[in-house]
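One structure is given here, and the rest of the page talks about it.
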Amino acid sequence: MSLDPTLLDDLEWRGLLAHSTDLDAMREAFAAGSVRYYVGFDPTAPSLHMGNLLQIVTAVRLQRAGHTPYVLVGGATGMIGDPRDSGERTLNPTETVAEWTERVRRQVEPFLSFEGENAATMVNNLDWTAQVSAIDFLRDIGKHFPVNRMLARDVVRNRLEDGISYTEFSYVLLQSMDYLHLHREHGVDLQLGGSDQWGNITGGVELIRRATGDRVHAFVTPLITKADGTKYGKTEGGALWLDPEMMSPYSFFQFWLNVEDEKVPELLRVFTFLSREEIEELEATHAEKPFLRAGQKALAEHVTTLVHGAEETERIKAASAALFEGGELRAVDERTLSAALRNVPFTYELELNGAEFPTVAELLVLTGVCESKSAAIRAVKEGGGYLNNVRVSDPSARPSVDDVLHGKWLVLRRGKKKFAGVEVR
RNA sequence: GGCAGGUUGCCCGAGCGGCCAAUGGGAGCGGACUGUAAAUCCGUCGGCUUUGCCUUCGAAGGUUCGAAUCCUUCACCUGCCA
């Protein structure tokens with residue numbers, strides 16, 4: 001595997017280096033040989049999300065450039081929980097942490113290559129943390145951490161008012177110990193992570209310097225926020241999950257397709273492997289013809305392919321085209337329509353048995369597009385209810401046999417984007 | 001431990017015996033304008049068998065024809081004094 005000498009410049013151009021240790025030293029290390037680097041994921045949920053994806057993609061960039069990844073799953077750190085501003089975490093049961101650790105491991109695996117000269121390695125920090133005695137921990141690790149410095153960290157300072165447990169306060173020692181362990185046992189010289197990890201990561205760099213005298217490297221990627229500075233997924237009720245069970249690939253694709261114009265250049269840079277030329281061309285196209293949303297389309301296609309595969313992405317693209325661009329749904333052939341509606345997050349199988357159709361409002365509830373009948377009636381009254389892409393004004397209207405497309409489907413829609421498929425039997 | 005204040009819908013926050021499903025802001029949702037974008041404007045925003053009914057204002061009791069509003073107890077939070 002040959003080393004890509006442009007790696008660091010590329011990372012810089014993409015805006016991936018929010019903070020870093022000495023860049024010149026890192027550049028030298030990258031030039032000298034395949035650098036072993038690590039990135040860690042704590043099992044704080046059953047699935048990884050958009051924020052983690054950024055670390056994964058960045059790790060892939062380094063591997064493609066010839067360096068050697070170590071992916072750490074936090075079987076140990078996940079039992080402790082790193083401090084965050086929103087307050088003390090609730091400790092998860094051991095079994096839950098174990099299960100989530102396994103899920104995280106399986107989720108990350110497909111992204112990296114575990115073959116070749118710079119094959120990736122999976123590690124679990126529980127393996128070297130579980131058997132450390134409290135005495136050893138305090139003597140070997142704790143001794144290197146001045147409490148006054150730990151107290152000065154932003155996260156800790158912000159939490160002093162409301163309170164922070166000793167457990168979370170100690171988190172940084174565990175993560176630092178991981179870096180020290182990987183450095184000693186595997187020759188790992190670089191750690192990357194999200195910008196919120198900067199404190200924990202430099203803790204490790206510092207620990208290694210004190211314990212071994214070695215200078216190791218680190219960098220963190222920026223926090224990705226919406227154009228107005230708020231977090232993605234913060235208000236829409238849930239993060240952007242990578243697990244198809246927790247967020248359908250269709251919704252995932254739609255998310256990227258709907259990204260604000262302003263964010264497209266940044267997201268293309270950090271989340272896709274498109275080259276600088278390709279991205280700049282997309283930006284030019286966008287500046288000229290923004291209504292084409294070429295950037296969003298490229299983004300949605302690339303990221304969805306990366307996470308859910310090319311086949312799935314093709315299906316979703318066809319589905320989106322059928323529903324959004326088709327206009328007259330009768331014109332859409334049955335195969336495309338069926339495929340489209342099976343990809344939509346809301347579906348319902350209606351057993352008619354000769355009985356009369358439910359009302360439009362009832363169907364909106366049955367498919368799950370509306371939370372309650374009141375909400376459904378309200379939606380229709382507001383002009384946000386559609387049957388087969390035609391607005392319905394009366395919530396108590398009932399579809400007729402003629403409305404069933406290809407003898408099988410009713411397409412319900414709420415607002416501009418929420419589609420639901422009703423399969424009539 | 002003592003004194004004072006607080007706990008309201010997704011969040012913040014009014015209300016302080018009937019006119020309260022509860023002012024206002026934010027988020028959300030829908031519409032208009034567009035480009036499945038942003039901004040803006042308008043509407044909506046507990047549930048239902050929907051011109052009416054039911055369940056909500058920390059919890060449980062009580063006073064009253066009637067309580068988010070008054071009283072009692074409990075829980076939690078905040079400030080002042082120990």
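Keep in mind it's a predicted model, so treat the numbers as computed, not measured. Sequence lines set the chain letters: A, B, ... in the order given, protein chains first and strands last, and positions in each chain run from 1.
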What's A:F253 touching, base or sugar-phosphate or nothing? Going by heavy atoms closer than 4.0 Å.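 No contact.
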
Would you classify A:V264 as touching base, sugar-phosphate or nothing, given that sugar-phosphate means primed atoms plus P, OP1 and OP2, and contacts are heavy atoms under 4.0 Å?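 Nothing, no nucleic acid heavy atom in range.
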
Heavy-atom nearest nucleotide on RNA chain B taken for A:F291 and for A:R413; more 5' hit belongs to A:R413

When the nearest nucleotide of RNA chain B is assigned to A:Q254 and to A:G385 on a heavy-atom basis, which residue is associated with the more 5' position?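 Its nucleotide being nearer the 5' end, the pick is A:G385.
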
Between B:A27 and B:C19, how many Å separate the two P atoms, rounded to a whole number?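 Between the two P atoms, the distance is 31 Å.
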
Write down the distance separating the P atoms in B:G25 and B:A37, rounded off to the nearest Å.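 The same atom, P, in both gives a distance of 25 Å.
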
Classify the ring geometry of A:W198 against A:H19: parallel below 30°, tilted from 30° to 60°, perpendicular beyond 60°. parallel

Summarise how protein sits on nucleotides 45-57 of chain B as a single string, 5' to 3': B when a protein heavy atom is under 4.0 Å from the base, S for sugar-phosphate-only contact, - for no contact. S-SBSB-------

Output one line per pair: protein atom, nucleotide atom from nucleotides 38-42 of chain B, and distance, for all N/O pairs under 3.5 Å.
none

Rounded to whole Å, the NZ-C1' distance (A:K263 to B:G35) equals 20 Å

Nearest-Å distance for atom pair NZ/P, residues A:K297 and B:G35: 12 Å

Does A:K408 offer a backbone N or O that forms a donor-acceptor pair with the side chain of A:H406 under 3.5 Å?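 Answer holds: no.
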
Could you tell me whether [X] and [Y] make a salt bridge, using a distance below 4.0 angstrom between a side-chain N and a carboxylate O?
X      : Y      : answer
A:E371 : A:R414 : yes
A:E266 : A:K263 : yes
A:R27  : A:D9   : yes

Side-chain donor/acceptor contact of A:E382 with base of B:G43 under 3.5 Å: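 Yes.
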
Answer yes or no: are there more than 12 heavy-atom neighbours, outside [X] itself, under 6.0 Å from its atom [atom1]?
X      : atom1 : result
A:E311 : CD    : no
A:R398 : CZ    : yes
A:E334 : CD    : yes
A:E281 : CD    : no

Assess, by modelled atom type and distance only, whether the side chains of A:Q175 and A:D178 contain a donor and an acceptor separated by less than 3.5 Å. no

Does a side-chain heavy-atom distance below 4.5 Å link A:Q296 with A:W256?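 A:Q296 vs A:W256: side chains apart.
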
Please tell me if A:R391 has a side-chain N or O lying less than 4.0 Å from either OP1 or OP2 of B:A32. yes

In which stems does RNA chain B show up, taking only runs of three or more Watson-Crick or G-U wobble pairs whose two distances fall under 3.5 Å? B:1-7 with B:75-81, B:10-12 with B:24-26, B:28-32 with B:40-44, B:46-48 with B:52-54, B:58-62 with B:70-74

